[in-house]
Amino acid sequence: MVSVKSVHGSAQLLLDVAGGVTQIVERTHRTIAREVNPLNRLRDIAGVPPEERQGRTYQLIQSSTSLLQRGLHRSLDRFSVEEEPQHFSNSVRAAAALNGVCGDHLEASNNPLAITMHFRDSHGEKVLFGSENIDAMIPNASPRIVVLVHGLCLSHEYWKGHSKGNLGTELQRAPGYTPVYLNYNTGRHISSNGKELSKQLQELVEAWPVEVEELTLIGHSMGGLVIRSATWYGSELNMGWVKLLKSALYLGSPHHGAALAKAGNLLTFVMKKFRYASPFAFGQHTSAGIKDLRHGNLLDEDWEGIDQDDFHPDYRKPVPLREGTQHYFIAAAIGNQVSDFPSTMVGDLLVRLDSAKGHHSDELKKLSIRPENCRVFEKLNHLDLLDNKVVHEQILKWLA
């Protein structure tokens, strides 16, 4: 079953893509025309735009696309109040992946496919902040809450949709936590999600059916950075939930950036230097969330006023781990041993070991952590950290 909301969002995004492709073709056409025909260069100097006729053609195409977009909104907006399907895993996961790639654009264009941040309970139902709603949805709420925060292009379902293990259920059975799963648009800036998560955590503890005694946050990949960002902003505003934060766990989080994001940035930077390749430097069109992963940006100051497509140094403001909270780091390595060449070079295939362990050549950016609070698991990749039994056992041991 395909929802009207999905059709609306998909059609709108398709028209956005069509407009973007038209711009790329136009830029390429104009560049070639200037190079091939010397007269066009003279016309440029004289102040007369080249290829005026073709330019009018492209304007007509863009105007037609814009008209179709407005018609689409008027036709389907009244159906968009429909909620996203909660029980169709493929639809939810596809939307999560799309949000990771271009979620900032979806949000800016008011696309119905843009995910709004919210919590879900162990049954996958959305948690609303009315106290009666939470009482009914979580009848046996514990005073110990654990919030699980997924990573880039993933959703809440990845925590509990695997047959090998369900971390939330294991935490509920063993130390007596009540699990809550965050779902959010991973294409937004990490700092934007961090600030919003901080506000929603405050609302969550205030609306909780029983008095909250302890809060634990567990983040996988980007989720760990969102947790650190939320903790920073919550501490700056002296929010009550931060005082309840006993433990924070980071599973394969790129605290100092992800190698793949760095490589993508370098490729985009190089392509933009060549006039024929520049229109096809698609890395510049990826989401703000992906670009934040180059260095591991946590705060607005880390990206404001900076062209993130340029090849620039690490300008981040140091964000130390919060004192009074136990911090635990878990990293993975694909090799048989941590010292193996594959493990050293690529870590878990997406995040290198130094970044996952918080190591940095700059002492101000280095994350100080006790050796017993950091574990590296061999022969695992990035996604294995979500549902590996040995990883779960280590988490349970730390939190017991």
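All values below come from the heavy atoms of this structure, side chains included, with hydrogens, waters and symmetry mates left out.
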Using every non-hydrogen atom in the two residues, find where [X] and [Y] come nearest and quote the distance to one decimal.
X	Y	answer
Ser198	Gly234	OG-CA, 3.3 Å
His392	Leu386	NE2-O, 3.0 Å
Leu385	Val391	O-CG1, 3.7 Å
Pro254	Met222	CD-N, 4.2 Å
Ser355	Gly257	OG-O, 2.8 Å
Leu321	Ser368	CD1-O, 3.7 Å

Worksheet item: Which residues, ordered by chain and number, are linked to Val376 in its hydrophobic cluster, where ILVMFWY side chains connect at heavy-atom gaps below 4.5 Å, directly or through other members?
Response: Val338, Leu353

Worksheet entry | CG (Asn140) with more than 12 external heavy atoms under 6.0 Å | no

Once you round to the nearest 0.5 Å, how far does [atom1] of [X] lie from [atom2] of [Y]?
X	Y	atom1	atom2	value
Trp159	Leu167	CH2	CG	6.0 Å
Asn166	Ser122	CG	OG	8.5 Å
Arg316	Asn297	CZ	CG	7.0 Å
Ser142	Leu171	OG	CG	11.0 Å
Ile227	Asn193	CD1	CG	12.0 Å
Leu225	Ser191	CG	OG	11.5 Å

Student check: side-chain heavy atoms of [X] and [Y] closer than 4.5 Å:
X	Y	result
Asn185	Met117	no
Leu204	Leu215	no
Val146	Val180	no
Leu249	Leu217	no
His255	Phe329	yes
Leu251	Ser221	no
Leu244	Glu213	no
Trp208	Thr178	yes

Discussion item. Could you work out, with ring-ring contact (aromatic ring centres under 6.0 Å, His included) as the rule, every residue matching Phe119, not counting sequence neighbours?
Written reply: none

Worksheet item: Of all residues at least two apart in sequence or in a different chain, which pass the ring-ring contact (aromatic ring centres under 6.0 Å, His included) check with His189?
Response: Trp303

Discussion item. Do Arg144 and Tyr177 form a cation-pi contact, if we require the NZ or CZ to be under 6.0 Å from the six-membered ring centre and within 45 degrees of the ring's axis?
Written reply: yes

Discussion item. Show me the pairs that pass ring pair (Phe, Tyr, Trp, His ring centres under 6.0 Å) and involve residues 222-247, at least two apart or across chains.
Written reply: none

Worksheet item: Quick one: ring pair (Phe, Tyr, Trp, His ring centres under 6.0 Å) pairs with a partner in residues 350-389, sequence neighbours left out?
Response: His220-His382, His256-His360

If you look only at distance, which donor and acceptor atoms sit under 3.5 Å apart when one is on a side chain in residues 393-400 and the other is two or more places apart or in another chain?
from	atom 1	to	atom 2	distance (Å)
Gln394	OE1	Arg375	NH1	2.6
Trp398	NE1	Glu372	O	3.3

Output yes when a side-chain donor or acceptor of [X] lies under 3.5 Å from a complementary backbone atom of [Y], and no otherwise.
X	Y	result
Tyr158	Asp387	no
Ser109	His105	yes
His295	Leu293	no
Ser155	Glu157	yes
Asp348	Ala331	no
Ser287	Gly100	yes
Asp302	Lys317	yes
Thr325	Leu245	yes

Scan for salt bridge (Lys or Arg N to Asp or Glu O under 4.0 Å) pairs involving [range], sequence neighbours excluded, and state none if there are none.
range	value
residues 223-252	Glu214-Lys246
residues 184-197	Glu107-Arg188, Arg188-Glu196, Lys195-Asp300
residues 319-343	none

Discussion item. Run Thr186 and His150 through side chain to side chain contact (heavy atoms under 4.5 Å, CB included) and show every step you take.
Written reply: CA-CA 9 Å; Thr186 57; His150 63 76; 3.6 Å; yes

Worksheet item: For Glu206, what residues pass the side chain to side chain donor-acceptor pair (under 3.5 Å) criterion, not counting sequence neighbours?
Response: Gln202

Item to complete: Can you sort out the partners of Asn381 under side chain to side chain donor-acceptor pair (under 3.5 Å), two or more places apart, ordered by chain and number?
Response: Asp384

Practice prompt. Give the C-alpha distance, both sets of side-chain angles, the deciding distance and a yes or no for side chain to side chain contact (heavy atoms under 4.5 Å, CB included) between His156 and Val92.
Written response: CA-CA 9 Å; His156 63 284; Val92 173; 4.0 Å; yes

Fill in: side chain to side chain contact (heavy atoms under 4.5 Å, CB included) evaluation trace for Arg120 with Met137
CA-CA 10 Å; Arg120 291 185 181 263; Met137 297 181 68; over 6 Å; no

Worksheet item: Given the rule in the side chain to side chain contact (heavy atoms under 4.5 Å, CB included) test, do Ile369 and Asn373 qualify, once you have shown the distances and angles that lead to the verdict?
Response: CA-CA 7 Å; Ile369 187 169; Asn373 286 4; 3.8 Å; yes

Worksheet entry | Audit row: Asp354, Arg352, salt bridge (Lys or Arg N to Asp or Glu O under 4.0 Å) steps and yes/no | CA-CA 6 Å; Asp354 285 349; Arg352 296 187 64 178; 5.6 Å; no

Practice prompt. Check whether Ile115 and Leu152 end up in the same hydrophobic cluster, where Ile, Leu, Val, Met, Phe, Trp and Tyr are linked by side-chain heavy atoms less than 4.5 Å apart.
Written response: no

